[in-house]
Amino acid sequence: MPLGLDRSHFLTGKVKEQDIQLRKKQERIASLETENAMLYLKLAQLRGEVQSSREGLTDVAAKYEAERRFRSKVSDKASKFKQEIELLREGMGQVMNVASRMPEQFQSHIDHASAVVRQHRQVYQDHSSSLSVLQDQVLVLQAALQDVTDRHGKEKKRRQALHNTLMELRGNIRVHCRVRPLMEFDCGNEDVSTLGRSGAKSEVVVHFYDDENVCIRTAKHNKVFEFERVYSPDEKQAHVFDEVQPMLTSLLDGYNVSIMAYGQTGSGKTHTMLGSHRNDDYHPSNDMHPDEGVIPRATRELFRLISEKPPGTHSLEVSVVEIYNNDIRDLLSRDTNVKHDVVTGSDGLLSLPTITSKQVSTVYDVMCLVQRGLRTRRESATMVHEHSSRSHLVVTLTLISQAPSFFAVGGGPKSDAEESVHHKKSRSQSLTHSSLTASGWSSPDQSGASSLPSNQQPVIRTKLQLVDLAGSECVGMSGVKGAALREASHINKSLSALADVLGALSENRTHVPYRNSKLTHLLQDSIGGDAKLLVLLCVSPSQRYITESLQCLGFGQRARQVQRGPTKRRLPTSAEKVHYEARSNSPKARSSSASEKMITSQRF
């Protein structure tokens, strides 16, 4: 560089020039960035338009495909319609052909019908000639039918009289004995292998001798007891009921019937009356079961007898009570702890007016109610029996039947023949008035008939009492304590009271202690009253229970010694309310007492 030359003014100009160029570059850059941003915006706008175009194209394609499918379906349906139209055309042609042939067919049918009518007209004319003969035959048959009906009524009355005479000859109190088979619990605390061995507690000492005798054989003595019927350990439930069945016929004939099972705990009373404990519901079914006891079988037979009667003339009600700790409890009530009392009515009959009675129409209904009562019946396990009944069970079936027509109040005028029959009936009823009253009936005289409304049908109520007594037991053998001991005490007291009543009746005492126990008070009509009573003695065969077996058989012997008059036939409820005292105190009634007894014996 030459010395002394100042070039600073050159650099200043150069810097200014470069600054100007730099500003221009920057302005150009800003301009380009602005243009670039605008291009980006334009690009985004174009991309949005392209996306919209693609979506629109997709929609158009979908619509095109839907339209193509629709046209295909329309085309298929059109082809089907075309085929159906062709078929309809063919069918229409066939219909036209049939229609063209119908006049000829109608004419043919008309000609055939006319021929049949002419044939039937000829047959009718032939039959009408013999119509008078047939009418005469119908009149003869009607007369014969009326004669047979009259004879059937007479034979039915005769059958009833003979049946009840037979039952009375057998005894109004009948005693049967059933010896149960040997069971494992008869061994007590001994080994089961000793069952039935000589010298063991389970040794058999009660033996079935024949159909009328049972024998107790021990080393010291042999004793024979005689009853109307003795059942061996092998006899089934059906064999027991075969002897009970005739008593149910008496129930429909208007007599009260009572069947009572008596014996020690575990002797088979509940099995005899209800069935096996292995079936907890005691077979509440319309179908018969081999293990059914007297209660379901009697109910089944009762419904069978009712089915043979005219429909609507008989109905049945059932009540289930127990006597627990000398209190009467209603097992069908919601509150079974309520106590009930026996009430003596104005007619002298005993009843429990506060208990629940259910109307039933099938065996299943009855057994369901009995099962319902058994659920609340007092039972407990003892050393003698695991299902020991701690109360006396009384199942009462009340049969409500329409009274004979001569009890109804006459409503309108009668013909001469009806008046003659009514006059004869009145004469026969007046002859037997006192005898009927003495045997539980009342004559349908004016005082009895006036209490019946003219629009009310009189009814007769007869009772079938089925009693499963609680078992007598030795407290030391059963091992009961506390409340169970109190239950056993009441059971033994009530059974002892029952034995006292039978003793008083057999000895013809002036006072019979019915009121010493609720059991004897409730069963007063059955034991010493107007019911036909069957006592089923249930005894155990083993040596372990020989004392209880002797007591049970002795009870049966005392029951057989009870002498009662003829059982009383029931009258309609309203007719029973006629005051017998006023008529019995009249001189005419007293003077004719001997003839009344004769008429009673002839009638019943």
Side-chain angles (χ1 to χ4, degrees), residues 175-190 195-196 199-209 213-227 230-233 260-273 277 379-393 467-481 484-485 487-503 517 519 535-560:
V175 182
H176 295 183
C177 178
R178 188 180 193 186
V179 182
R180 71 159 171 80
L182 203 61
M183 301 292 183
E184 291 185 359
F185 63 82
D186 289 329
C187 294
N189 54 7
E190 295 181 347
L195 182 66
K201 291 183 179 180
S202 58
E203 177 186 359
V204 177
V205 296
V206 180
H207 299 272
F208 168 80
Y209 185 77
N213 294 277
V214 60
C215 177
I216 294 185
R217 297 177 182 175
T218 62
K220 296 181 179 180
H221 64 276
N222 294 334
K223 190 170 184 179
V224 178
F225 295 87
E226 181 182 1
F227 302 103
V230 177
Y231 306 99
S232 70
M260 180 190 308
Y262 182 92
Q264 71 168 100
T265 299
S267 60
K269 300 182 302 302
T270 302
H271 175 77
T272 300
M273 295 302 293
H277 267 288
E379 287 186 355
S380 63
T382 66
M383 295 175 60
V384 177
H385 192 245
E386 63 177 347
H387 294 285
S388 178
S389 301
R390 315 308 294 169
S391 65
H392 309 292
L393 178 70
V467 186
D468 178 21
L469 295 174
S472 60
E473 61 185 21
C474 176
V475 175
M477 183 180 296
S478 61
V480 293
K481 298 179 181 179
L485 179 61
E487 293 170 350
S489 175
H490 280 288
I491 291 171
N492 291 335
K493 285 181 181 179
S494 60
L495 295 177
S496 177
L498 182 60
D500 293 341
V501 167
L502 291 176
S517 168
L519 174 65
V535 180
L536 292 170
L537 302 178
C538 299
V539 295
S540 303
S542 62
Q543 171 70 33
R544 182 186 181 192
Y545 307 111
I546 186 171
T547 303
E548 289 80 2
S549 298
L550 286 170
Q551 184 272 335
C552 178
L553 297 175
F555 174 87
Q557 291 284 22
R558 288 191 295 274
R560 291 191 68 198

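Fair warning: this is a prediction, and the values are worked out from it, not measured in the lab.
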One should read off an interatomic distance between C187 SG and E203 CD, to the nearest 0.5 angstrom, of 12.0 Å

### Message
Do V204 and V206 have side chains that approach each other closer than 4.5 Å (heavy atoms only, starting at C-beta)?
### Response
no

For the pair L182 and S542, evaluate side chain to side chain contact (heavy atoms under 4.5 Å, CB included) and give the outcome as yes or no after the intermediate values.
CA-CA 7 Å; L182 203 61; S542 62; 4.0 Å; yes

Quick one: do F208 and V230 satisfy side chain to side chain contact (heavy atoms under 4.5 Å, CB included)? Show the steps, please. CA-CA 7 Å; F208 168 80; V230 177; 3.6 Å; yes

*Can you check whether C215's main-chain N or O pairs, donor with acceptor, with K223's side chain at less than 3.5 Å?*
no

The reported gap from CG in L498 to CZ in R558 (rounded to nearest 0.5 angstrom) is 9.0 Å

_Treating R180 as the side-chain partner and K269 as the backbone partner, does any N or O pair qualify as donor plus acceptor under 3.5 Å?_
no

| query | Do side-chain atoms of S549 reach the backbone of Y545 as a donor and acceptor pair under 3.5 angstrom? | reply | yes

dist Y231:OH -> T272:OG1 (nearest 0.5 Å) comes out at 9.5 Å

Test item: R178 and H271 side chains (from C-beta on) under 4.5 Å apart, heavy atoms: yes

C538 backbone acceptor or donor facing S267 side chain under 3.5 Å = yes

Does the S517 side chain pair with the main chain of L519, one donor and one acceptor, at a distance under 3.5 Å?
yes

Rounded to the nearest 0.5 Å, the CD atom of Q543 sits from the CD1 atom of I216 at a distance of 10.0 Å

Rounded to the nearest 0.5 angstrom, the CD1-NZ distance for I546 and K201 is 14.5 Å

In short, C552 meets Y262 closest at the heavy-atom pair SG-CD2, 3.7 Å

Just do the side chain to side chain contact (heavy atoms under 4.5 Å, CB included) check on L536 and M273 with the steps written out, would you? CA-CA 9 Å; L536 292 170; M273 295 302 293; 4.3 Å; yes

- Message: If you define the side chain from C-beta out and look only at heavy atoms, does anything of L553 sit under 4.5 Å from C177?
- Response: yes

Closest heavy-atom pair, V214 versus H207, reported as atoms and distance to 0.1 Å, is CG2-O, 3.3 Å

Nearest heavy-atom contact between A559 and V175 is CB-CG2, 3.9 Å

Tightest non-hydrogen contact, residues S540 and G266, listed as OG-O, 4.1 Å

Within the distance-only criterion (no hydrogens, no angle test), does the side chain of H392 pair as donor or acceptor with the backbone N or O of A470 below 3.5 angstrom?
yes

Rounded to the nearest 0.5 Å, the CG atom of L469 sits from the CD1 atom of I491 at a distance of 10.0 Å

Here the pair of heavy atoms bringing F555 nearest to L537 is CD2-CD2, 4.0 Å

